[in-house]
Visitor: 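Have a look at the structure that comes next, please.
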Amino acid sequence: TRELILKSAMELFLEAGYQDASMRKIAAKAGITAGAIYKHFSGKEEMFGELFRASGQKLMSITESMMGIDFSAMSDEELIRVLYSRVSLQTLELLQGDIKLFHMLLKNDSGTYMERFRSVYLKRSTQFASNYYGELYRRGLASKKLPNKTIYMLSSSEFSMICEMIADDSCQNGITEEIKNAFTEAMTILLHGLETELGIHYHTEGDKA
């Protein structure tokens, strides 16, 4: 019954939006009484939180797998390719099926779920970037080592851009090409700034092309 309620709630959230998805409507869609729902959930906020945890866990598993990358085992060319691999865009592609849910979360969350998620995400992405830039510097592929606070602020800016993109009203049914292109351009500008700041002087044949 609990799974049926969650399935019905998610379908209604996506069809009608969070605000218009009343407990009565969710119950009707699930084929049960409104009173029966309260045996499993205190309200639709709890349902929404549980639905988001499933999608949030998918993103957390992606960031967790990134933490296990051994940059020291990569060749110089492989290491440089990471810089141009557009990790953020790859992550968005993997989450494309959950974009509607993330859009609703950013529009309706009181702050509890997103703030907790943001804290874990930034901690992991900052550690990932710190390990990466540290290896570039150790090998002499970068002439400067970025402080962790700077890396944290860069990760925070990237996270904010992603949230802004997903929360855009035009993206409630998926990321539009216009928004995706704007994000890609912004990330390209950031990348060029990093190249200059770090003094990166190594390019693969593919990057030269």
Visitor: Considering only residues two or more places apart or on different chains, which pairs with a residue in residues 62-81 satisfy ring-ring contact (aromatic ring centres under 6.0 Å, His included)?
Guide: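 Found Phe71-Phe128, Phe71-Tyr132.
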Visitor: Rounded at 0.5 Å granularity, tell me how far CD1 in Ile80 sits from OG in Ser85.
Guide: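 These two atoms lie 11.5 Å from each other.
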Visitor: Quick one: side chain to side chain contact (heavy atoms under 4.5 Å, CB included) partners of Ala36, sequence neighbours excluded?
Guide: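 Partners of Ala36 by the side chain to side chain contact (heavy atoms under 4.5 Å, CB included) criterion, ordered by chain and then number, come out as Ile32, Thr33.
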Visitor: Please report the closest heavy-atom contact between Ala142 and Ile200, naming both atoms and the distance.
Guide: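 Taking every non-hydrogen atom into account, CB-CG1, 4.3 Å.
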Visitor: Kindly write out the residues that satisfy side-chain hydrogen bond (donor to acceptor under 3.5 Å, both in side chains) with Ser72, not counting sequence neighbours, or none if the list is empty.
Guide: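 Asp70.
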Visitor: In Å and rounded to the nearest 0.5 Å, what is the CG to CG distance from Leu79 to Leu141?
Guide: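 So the gap between those two atoms works out to 6.0 Å.
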Visitor: Pairs in or reaching into residues 173-193: which pass salt bridge (Lys or Arg N to Asp or Glu O under 4.0 Å), with residues at least two apart or in two chains?
Guide: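 Counting only pairs at least two positions apart or across chains, the salt bridge (Lys or Arg N to Asp or Glu O under 4.0 Å) contacts touching residues 173-193 are Glu93-Lys180.
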Visitor: What verdict does the side chain to side chain donor-acceptor pair (under 3.5 Å) test give for Gln127 and Asn131, after you've listed the backbone C-alpha separation in whole Å, the side-chain angles of each residue and the deciding distance to 0.1 Å?
Guide: CA-CA 6 Å; Gln127 186 60 56; Asn131 293 342; 2.9 Å; yes
Visitor: Taking atom CZ as the centre, does Arg24 end up with more than 12 heavy-atom neighbours from other residues, nucleotides or ligands that are less than 6.0 angstrom away?
Guide: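 No, because the 6.0 Å sphere around CZ of Arg24 holds 12 heavy atoms or fewer from other groups.
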Visitor: Under the side chain to side chain contact (heavy atoms under 4.5 Å, CB included) rule, collect the residues that match up with Ser75, sequence neighbours excluded.
Guide: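 By the side chain to side chain contact (heavy atoms under 4.5 Å, CB included) rule, Ser75 matches Glu77, Glu78.
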Visitor: Sequence neighbours excluded, which residues qualify as side-chain hydrogen bond (donor to acceptor under 3.5 Å, both in side chains) partners of Ser170?
Guide: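 If we apply the side-chain hydrogen bond (donor to acceptor under 3.5 Å, both in side chains) test to Ser170, skipping adjacent residues, the hits are Asp168.
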Visitor: Can you see which heavy atom on Arg139 is nearest to which on Met74, and at what distance?
Guide: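 Arg139 and Met74 have their closest heavy atoms at NH2-O, 2.6 Å.
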Visitor: Return the set of residues passing side chain to side chain contact (heavy atoms under 4.5 Å, CB included) with Leu194 (not counting sequence neighbours), or none when no residue passes.
Guide: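 Testing Leu194 for side chain to side chain contact (heavy atoms under 4.5 Å, CB included), a comparison that skips the adjacent residues, returns Tyr133, Leu146, Leu154, Leu198.
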Visitor: Rounded at 0.5 Å granularity, tell me how far CG in Leu122 sits from OG in Ser160.
Guide: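 Those atoms lie 8.0 Å apart.
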Visitor: Between CD of Glu135 and CG of Asp76, what distance do you get to the nearest 0.5 Å?
Guide: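 It comes to 9.0 Å.
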Visitor: Which pair of heavy atoms, one from Ile26 and one from Ser8, lies closest together, and at what distance?
Guide: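 In terms of heavy atoms, the two residues are closest at O-CB, 4.0 Å.
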Visitor: I'd like to know if Phe48 and Leu4 are part of one continuous hydrophobic network [Ile/Leu/Val/Met/Phe/Trp/Tyr, side-chain heavy atoms within less than 4.5 Å].
Guide: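 Unlinked, Leu4 and Phe48 end up in two clusters.
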Visitor: Nearest 0.5 angstrom please: Thr126 OG1 to Met153 CE, how far?
Guide: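 Here the interatomic distance stands at 11.5 Å.
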Visitor: Hey, does Ile166 have a side-chain heavy atom less than 4.5 Å from the side chain of Cys171?
Guide: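 Sidechains of Ile166 and Cys171: no contact.
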Visitor: Under the ring-ring contact (aromatic ring centres under 6.0 Å, His included) rule, collect the residues that match up with Tyr121, sequence neighbours excluded.
Guide: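 Expected list: Phe159.
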Visitor: Are more than 12 heavy atoms, taken from residues, nucleotides or ligands other than Glu164, located less than 6.0 Å from that residue's CD atom?
Guide: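 For Glu164, atom CD is not crowded (no more than 12 foreign heavy atoms under 6.0 Å).
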Visitor: Could you report the tightest heavy-atom contact between Ala21 and Lys44, atom names first, then the distance?
Guide: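 In terms of heavy atoms, the two residues are closest at O-CD, 3.2 Å.
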Visitor: Is a donor on one side and an acceptor on the other found under 3.5 Å between the side chain of Lys29 and the backbone of Ala9?
Guide: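 It does not hold such a pair.
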Visitor: What pairs with Thr188 under side-chain hydrogen bond (donor to acceptor under 3.5 Å, both in side chains), at least two apart in sequence or on another chain?
Guide: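 Applying side-chain hydrogen bond (donor to acceptor under 3.5 Å, both in side chains) to Thr188 gives Arg86.
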Visitor: According to side chain to side chain contact (heavy atoms under 4.5 Å, CB included), who are the partners of Lys145, at least two apart in sequence or on a separate chain?
Guide: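 By the side chain to side chain contact (heavy atoms under 4.5 Å, CB included) rule, Lys145 matches Tyr137.
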Visitor: I'd like to check the side-chain hydrogen bond (donor to acceptor under 3.5 Å, both in side chains) partners of Asn181; sequence neighbours left out, ordered by chain and number.
Guide: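 With neighbours one apart ignored, the set is empty.
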Visitor: Compare every heavy atom of Gly174 with every heavy atom of Ile99, then report the nearest pair and how far apart it is.
Guide: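 So the two residues come closest at CG2-CA, 3.9 Å.
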Visitor: I would like to know whether Met10 and Met47 meet side-chain contact (heavy atoms from CB on, under 4.5 Å); could you show each step before the answer?
Guide: CA-CA 9 Å; Met10 183 167 71; Met47 291 183 210; over 6 Å; no
Visitor: What's the shortest heavy-atom distance between His40 and Thr1, and which atoms?
Guide: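 Taking His40 first and Thr1 second, the nearest heavy atoms are NE2-CG2, 3.7 Å.
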Visitor: For residues 163-190, pull every pair meeting ring-ring contact (aromatic ring centres under 6.0 Å, His included), keeping only residues two or more places apart or in separate chains.
Guide: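 Listed by first then second residue: nothing to list.
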Visitor: If you define the side chain from C-beta out and look only at heavy atoms, does anything of Glu50 sit under 4.5 Å from Arg2?
Guide: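 Yes, close enough: below the 4.5 Å cut-off.
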Visitor: Go through it in stages, so that I can follow the logic: the residues are Cys163 and Arg118, the test is side-chain contact (heavy atoms from CB on, under 4.5 Å), and I'd like the CA-CA distance, side-chain angles, deciding distance and then a yes or no.
Guide: CA-CA 10 Å; Cys163 289; Arg118 179 180 182 275; over 6 Å; no
Visitor: Side chains of Tyr38 and Met23, heavy atoms from C-beta outward: is any pair under 4.5 Å?
Guide: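 Side-chain contact under 4.5 Å: yes.
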Visitor: Measure the NZ-OH distance between Lys123 and Tyr152 for me, rounded to the nearest 0.5 Å.
Guide: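 So the gap between those two atoms works out to 12.0 Å.
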